[in-house]
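Not measured: the values here are computed from a predicted model. Numbers here are sequence positions counted from 1. Whatever order the structure lists ligands and atoms in, that order sets their numbers, starting from 1.
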Amino acid sequence: MADTPYPRPRWQRDMAEVITRPEDLLAALDLPAGLAPAARNAAKLFPLRVPRSYVARMRRGDSQDPLLRQVLPLHDEQAEVPGFSADPLDEAAARRAPNLLQKYAGRALLITTEACAVHCRYCFRREFPYSEQAEQPGDGGRWRSALAAIARDDSLEEVILSGGDPLSLGDARLTQLTDAIVAIPHVRRIRVHTRQPIVLPSRVDAGLLSWLRGIRLPVVFVLHANHPHEIDEEVREACASLRAAGAQLLNQAVLLRGVNDDADTLRTLSSVLFDAGVLPYYLHLPDRVRGTAHFDVEEHRAAQLLASLMASLPGYLVPRLVREVPGAPSKTPVSMA
Ligand code: SF4
């Protein structure tokens, strides 16, 4: 099935025009070209990928810009640090079927695609073996076994579309997938884990909203914004459109050293998210994936930041500070010291 009729929608053109060469990113931000060789080396481990509209929200001439730090490959990524590994969450053990993971009771997570609009340097799936998840061609589609496994297990009330970013799929593929999920009688909710309304708000277009309105189950979008500078007018409009089409909007952020590990930034993030109609849900300690140690924030420091948020924000604007522990029955709260 073709994803989109000709001509391509704007978001697909934006996807095709993402920046993938460090020298182009540095030039766009008036940063020294001398940073490019180290970035090119680190990008061999996990390619650079960033939409132009996201780059437009970065400060020019500032190599420490908090949005840039999330996407620019750094020499630090090549350091081998004890305790940081390819699969720190042991997701291999959570595999129920090709493209289906189950970590917690009552919900299962569908790997819909490996594609993202942006490559976040701290991503816990930067080494995820997507190709090993694949179904064999000609066996009835990428999600056949996963959907069959969900249908067989009536304890699964919620299906989480994840990836990669599920909104990298075209509207026709999304419709095909959610039609199949909605047809499973015991599924009561669909959750969409996506960073695209933040990094590529053009994705929230008439086609996507029509898909969303057509789903006859409650849909929760868990967005992923880490810094208040990520929320601009176009993102606010995208969020408003998603809400108007019936989605509940939550946000999960990752606590990242040098990006958002200070109380003022986190407070402002909660506030601008709320203004955009999004409730702060989780603040994750970064997963200890290889190549990301330079983002790590120690637990006692994270707990201090949480205490500061609790002392200055209403409870509904304080995200739950958590760490993911392999094999645990839920996310593990990080309590205050
Ligand atoms: S959008 Fe999500 S899945 Fe994609 S690179 Fe970023 S954190 Fe990873």
Participant: Is the shortest side-chain N to carboxylate O distance from Arg323 to Glu299 below 4.0 Å?
Facilitator: yes
Participant: Report the part of Cys120 (side chain from C-beta onward, or backbone N, CA, C, O) that has a heavy atom under 4.0 Å from ligand 1; answer both or neither where that applies.
Facilitator: both
Participant: With a cut-off of 2.8 Å, does any N, O or S atom of Cys116 fall short of it relative to atom 4 (Fe) of ligand 1?
Facilitator: yes
Participant: Any atoms of ligand 1 less than 4.0 Å from a non-hydrogen atom of Val118? List them with their elements.
Facilitator: 4 (Fe), 5 (S)
Participant: Verify side-chain contact (heavy atoms from CB on, under 4.5 Å) between Tyr122 and Arg257, making sure each step is shown before the conclusion.
Facilitator: CA-CA 11 Å; Tyr122 53 85; Arg257 196 198 313 165; over 6 Å; no
Participant: Are Val18 and Leu29 connected in the hydrophobic side-chain network, where two residues link if heavy atoms are under 4.5 Å apart?
Facilitator: no
Participant: List ligand 1 atoms under 4.0 Å from Arg195, heavy atoms only on the residue side.
Facilitator: 1 (S)
Participant: When Glu230 is tested against each of Arg195, His224, Arg57 for side-chain hydrogen bond (donor to acceptor under 3.5 Å, both in side chains), which residue passes?
Facilitator: Arg195
